[in-house]
Amino acid sequence: MVQPRFVRPTPSMPSPGTGEPNSSNLYVANCGPAVGLSHDAIAAVFSAFGEVKGVYAADDSGVRVIVSFADPFSAKSALEALGGRPCPDLDGRTLHIRYSVLQLPSQTQVSDCVPVSLADSDLNIPGLFLLPDFVTAEEEQQLLAAVDAQPWIGLAKRRVQHYGYEFCYGTRNVDTKKRLGELPSFVSPILERISLLPNLDCDLNLDQLTVNEYPSGVGLSPHIDTHSAFEDCIFSLSLAGPCIMEFRRYSVSTWKVASTNDGEEKSDHDTCIKKALYLPPRSMLLLSGEARYAWNHYIPHHKIDKVKEKVIRRSPRRVSFTLRKVRKYPCSCKYSQYCDSQKQ
Ligand SMILES: O=C(O)CCC(=O)C(=O)O
Ligand SMILES: [Fe+2]
């Protein structure tokens with residue numbers, strides 16, 4: 001699936017707030033993954049005004065998004081209610097909103113494609129490690145059978161299960177006072193294998209597991225796992241199918257980002273470094289240090305991926321086990337510009 005591309009309307013287009021709504025799509029500046037606000041969090045706020053079909057990056061800045069509604073009247077209500085004022089549910093940021101229009105496919109740039117690496121060393125991201133064949137094919141089947149015997153929670157596009165602590169998608173955090181219990185015994189062999197990994201300078205008493213089941217073509221919006229929620233070292237085991245994971249480091253990625261009056265940062269800030277890695281089934285991805293704290297991770301919403309000139313169709317299903325250690329005290333990492341604990 002090709003992600004739709006939207007543009008900001010030109011000045012000749014009808015101006016917002018006057019008369020009829022002219023688009024179902026809103027161009028929203030001053031929020032996005034570069035300032036710790038995931039597309040899911042933005043969708044949750046805008047869906048108070050009607051059905052949100054999707055939230056997309058407007059450009060590479062990480063602070064400008066397109067919110068696409070099912071109808072123009074919802075877009076108009078959201079623009080009128082949220083535009084130009086601080087939004088308490090989005091970190092108090094002042095949203096700068098205009099209508100946006102869909103760009104025709106012929107005008108669409110195809111520069112979105114990031115070359116996909118097969119080995120972690122090609123990415124050159126400190127703290128990122130890919131461990132192929134972390135579990136055997138037999139163990140993979142046992143793990144899948146174990147989670148399929150448990151109840152799934154349905155989200156908009158994928159299903160999840162939480163163990164240890166519930167992960168709350170609204171706050172992107174966990175409630176440390178609400179422990180669900182021990183991690184299930186079916187992950188014990190994995191925890192044991194993790195504990196034997198050499199040279200890891202982090203707390204490996206992992207106590208939170210999120211199981212994600214992605215149908216073909218479903219991805220995950222760019223995000224950094226909330227610093228205040230989890231310690232360093234985040235493990236993600238891929239089962240049943242592969243995926244491409246993209247990593248983005250935004251140049252404006254800061255909680256303290258200064259924006260001009262209309263929320264537009266200067267164009268020399270409009271860049272992010274993008275890298276992509278192929279995660280085969282049964283592999284374990286470890287995000288630690290810089291990779292965990294400073295890089296957004298993202299699974300593009302594609303049904304077909306291109307890996308080293310080969311076209312790969314996504315399998316009907318990918319199941320991931322994300323294992324983390326819940327943080328009990330504020331984060332004091334050295335990546336303060338990405339850190340909600342050190343937000344000023
Ligand atoms: O599915 C994955 O491998 C990643 C999941 C993830 O990033 C998360 O749950 O925060
Ligand atoms: Fe994540």
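Both ligands and their constituent atoms are indexed starting at 1 by order of listing.
Inspection of the environment of the Fe ion (ligand 2) yields the following protein N, O or S atoms under 2.8 Å: His223 NE2, Asp225 OD1, His297 NE2.
Taking the six-membered ring where tryptophan is involved, the planes of Tyr169 and Phe167 are perpendicular, since the angle between them exceeds 60° and thus also 30°.
A side-chain donor from one of Ser68 and Asn25 sits under 3.5 Å from a side-chain acceptor of the other. Ser61 and Asp59 share a donor-acceptor pair across their side chains, judged by distance under 3.5 Å alone.
Applying the disulfide bond (SG atoms under 2.5 Å apart) criterion to Cys168, with sequence neighbours excluded, gives no partner residue.
Taken together, Cys31 and Cys87 fail the criterion of an SG-SG distance shorter than 2.5 Å.
Aromatic pair Tyr298/His39: ring centres not closer than 6.0 Å.
Panel note: side chain Ser288, backbone Gly127; a donor-acceptor pair is recorded below 3.5 Å.
Looking at heavy atoms from C-beta onward, Phe321 lies out of side-chain contact with Val135 at the 4.5 angstrom threshold.
At a 4.0 Å heavy-atom cut-off, the residues surrounding ligand 1 are Asn212, Tyr214, Leu220, His223, Asp225, Ser236, Met245, His297, Ile299, Arg318, Ser320, Thr322, Arg324, listed by chain and number.
Listed by first and then second residue, the salt bridge (charged side-chain N to carboxylate O under 4.0 Å, His left out) pairs involving residues 216-243 are Asp225-Arg324, Glu231-Arg327 (not counting sequence neighbours).
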